[in-house]
Amino acid sequence: MSDKTEDPGVLRTAEGAELPADALVVAENVRKSFGRLEVLKGIDLQVGRGEVMCVIGPSGSGKSTFLRCVNHLEKLTAGRLWVNGELMGYRQKRGRLYELRDNEIAAQRSDIGMVFQRFNLFPHLSVLGNITEAPVQVKRVPRGEATARAMELLERVGLPDKAHAYPDQLSGGQQQRVAIARALAMEPSLMLFDEPTSALDPELVGEVLDVMRDLARGGMTMVVVTHEMGFAREVGDSLVFMDDGVVVESGVPSEVLSNPSHERTRAFLSKVL
C-alpha cells in the first residue's frame, strides 16, 4: 500500500521511500552474487509506466539475472527493487529487510508476466489448459471466464485454431506466442521478456516480435532483454547496454545505436549491427 506525498510527482512507499510517481519499476543499487561471483554490481534503473525498455549486452553481462531479480526469481544480495510501489520480495522494518512468505511473493509475481527463452509450456496440458491454469489456480477465476479470456488472447496472438493442440504439435514461434498469451492471462501490469526469440528459427522470429509490437502499442510496460536491434530501435522507448554487471550506457534507442558515447558500447555494436 502506497500513499502519495504532497508532491504529485513523488510516491511514498510503505517503507518510507520516495519514488517517482510515474515509475513502475525502480531498481536501486541492485547487486547479485552467486558465491564469490558478483554478477550484478549495482544496477540503478527506472522503468516508466507504459515504457518499453530494451536491454542489450554480451552474454554473461547480467541481463537475464537482472530480469529474474525484478520478479524475485533471484534474491538480491544487496539493494532494493520496487514494482508498482511495492518492495519486491521483502518487507522493511526498522531499517532491516525481511523476506516475504512464499504466498506473499507469489501474490506479487502474479502482477508480473515473464516470457523465457525456452517456452516452458506444460507438455501435458493443451494450449487452452496452459493459458487457463494460473488464472484458475492462483487467481481463482471461474473456469468458464478463464476459458473465454484465453480464447480472446489466442485470437490476439493469432492462434485461435490451436486451442486444443498440445505444445509438441506447435512450432517454436507458435509455442512462444502461447507463452505470451499465458503470461497475459494473469492481466499483469508489467511484462518481462528474456531473449524471447533467441531459441527460434530465423523465419519464426517475426511472428513473435509482431505480438510484442502489438503489446507495446497497447501501452503495456515491458522490459525486453534482446539481441533484436531492429526491434529495439523501432519499439523501444529506452535502451540499456549492460556489460560485466553494470549499466554502461542508456538512452533513446536510435541515439545509443547510432552514436554510442562509450567505447565498450561501440565495440559491442560493431559486432552485432
Side-chain angles (χ1 to χ4, degrees), residues 1-32 40-57 62-63 65-93 95-97 100 104-105 107-114 186-194 212 215-226 232 235-242 245-256 261-262:
M1 184 73 178
S2 303
D3 299 310
K4 287 188 175 180
T5 64
E6 294 180 3
D7 183 348
V10 173
L11 191 73
R12 185 180 294 278
T13 71
E15 299 81 29
E18 292 188 353
L19 308 176
D22 61 349
L24 186 69
V25 180
V26 177
E28 180 182 279
N29 192 34
V30 168
R31 294 175 178 270
K32 175 61 182 178
L40 299 178
K41 302 176 181 179
I43 303 294
D44 294 299
L45 282 178
Q46 294 179 12
V47 184
R49 297 177 189 278
E51 178 181 346
V52 178
M53 175 181 283
C54 293
V55 184
I56 64 172
K63 308 182 302 296
T65 298
F66 173 71
L67 216 60
R68 292 172 64 85
C69 286
V70 172
N71 64 359
H72 205 65
L73 286 175
E74 297 290 354
K75 300 178 183 181
L76 305 188
T77 304
R80 304 283 192 278
L81 218 161
W82 291 267
V83 177
N84 251 337
E86 288 192 6
L87 190 61
M88 280 300 299
Y90 298 94
R91 178 183 295 107
Q92 183 170 307
K93 189 174 183 180
R96 296 187 62 182
L97 292 182
L100 298 177
E104 294 173 310
I105 294 171
Q108 289 186 324
R109 283 197 193 121
S110 70
D111 195 40
I112 304 172
M114 187 160 185
M186 294 293 283
E187 300 186 337
S189 62
L190 171 66
M191 285 287 287
L192 308 176
F193 292 87
D194 187 7
M212 295 170 65
L215 290 179
R217 284 193 292 267
M220 174 64 73
T221 308
M222 298 159 61
V223 182
V224 185
V225 171
T226 185
V235 180
D237 297 300
S238 60
L239 182 67
V240 171
F241 172 62
M242 286 182 62
V246 300
V247 173
V248 176
E249 184 167 354
S250 62
V252 177
S254 59
E255 294 178 2
V256 175
S261 60
H262 290 262

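One distance of note links OG of S110 with CG of N71; it measures 11.5 Å at 0.5 Å rounding. Rounding to the nearest 0.5 Å places CG of D194 at 9.0 Å from OG1 of T65. Taking NE2 from H72 and CZ from R109, the interatomic distance works out to 6.5 Å, rounded to the nearest 0.5 Å. In this structure, OG1 in T77 is found 9.5 Å from CZ in R31, a value given to the nearest 0.5 Å. Going from atom CG of L190 over to atom CG of N84 covers 8.5 Å, rounded to the nearest 0.5 Å. Here the CE-CE distance, from M53 to M222, works out to 12.5 Å after rounding to the nearest 0.5 Å.
Residues P253 and G236 share a closest heavy-atom pair of CG-O, 3.4 Å. Minimum interatomic distance between I56 and K63 (heavy atoms only, all atoms of both residues): C-CD, 3.4 Å. The minimum heavy-atom distance between C69 and K32, with the atom names listed, is SG-CB, 4.3 Å. Shortest non-hydrogen contact noted between L67 and V225 is CD2-CG2, 3.9 Å. S250 and V256 make their closest contact through C-CG2, 4.0 Å (heavy atoms, listed as atom of the first residue, atom of the second, distance). Residues G245 and I43 share a closest heavy-atom pair of O-CD1, 3.4 Å.
Applying the side chain to side chain contact (heavy atoms under 4.5 Å, CB included) criterion to E28, with sequence neighbours excluded, gives D44, R80, W82. Residues satisfying the side-chain hydrogen bond (donor to acceptor under 3.5 Å, both in side chains) test with S261, not counting sequence neighbours, are E249. For Q46, there are no side-chain hydrogen bond (donor to acceptor under 3.5 Å, both in side chains) partners at least two apart in sequence or on another chain. Residues that satisfy the side-chain hydrogen bond (donor to acceptor under 3.5 Å, both in side chains) test with S238, not counting sequence neighbours, are E51. Applying the side chain to side chain contact (heavy atoms under 4.5 Å, CB included) criterion to D22, with sequence neighbours excluded, gives P20. For A27, the side chain to side chain contact (heavy atoms under 4.5 Å, CB included) partners two or more places apart in sequence, or in a different chain, are V30, L45, F66, L81. Partners of D237 according to the side-chain hydrogen bond (donor to acceptor under 3.5 Å, both in side chains) rule, which considers only residues two or more places apart in sequence or in another chain, do not exist here. Residues passing the salt bridge (Lys or Arg N to Asp or Glu O under 4.0 Å) test with R49, sequence neighbours excluded: none. With sequence neighbours left out, R96 forms a side chain to side chain contact (heavy atoms under 4.5 Å, CB included) with Y98. For the ring pair (Phe, Tyr, Trp, His ring centres under 6.0 Å) test, residues two or more places apart in sequence or in another chain that qualify with F241 are F268. Every residue meeting the salt bridge (Lys or Arg N to Asp or Glu O under 4.0 Å) condition with R68, not counting sequence neighbours, appears here in chain and number order: E74.
With contacts defined as side-chain heavy-atom distances shorter than 4.5 Å, the pair M114/L73 qualifies. When side chains are defined from C-beta on, P188 does not count as touching I112, because their heavy atoms never get closer than 4.5 Å. Between M212 and V235 the shortest side-chain heavy-atom distance does not fall below 4.5 Å. Between L76 and L97 the shortest side-chain heavy-atom distance does not fall below 4.5 Å. Under the 4.5 Å side-chain criterion, counting only non-hydrogen atoms from C-beta, D111 is not in contact with E86. Between V47 and L24, the closest side-chain pair of non-hydrogen atoms is not below 4.5 Å. Using a 4.5 Å heavy-atom cutoff, the side chains of V25 and T221 are not in contact.
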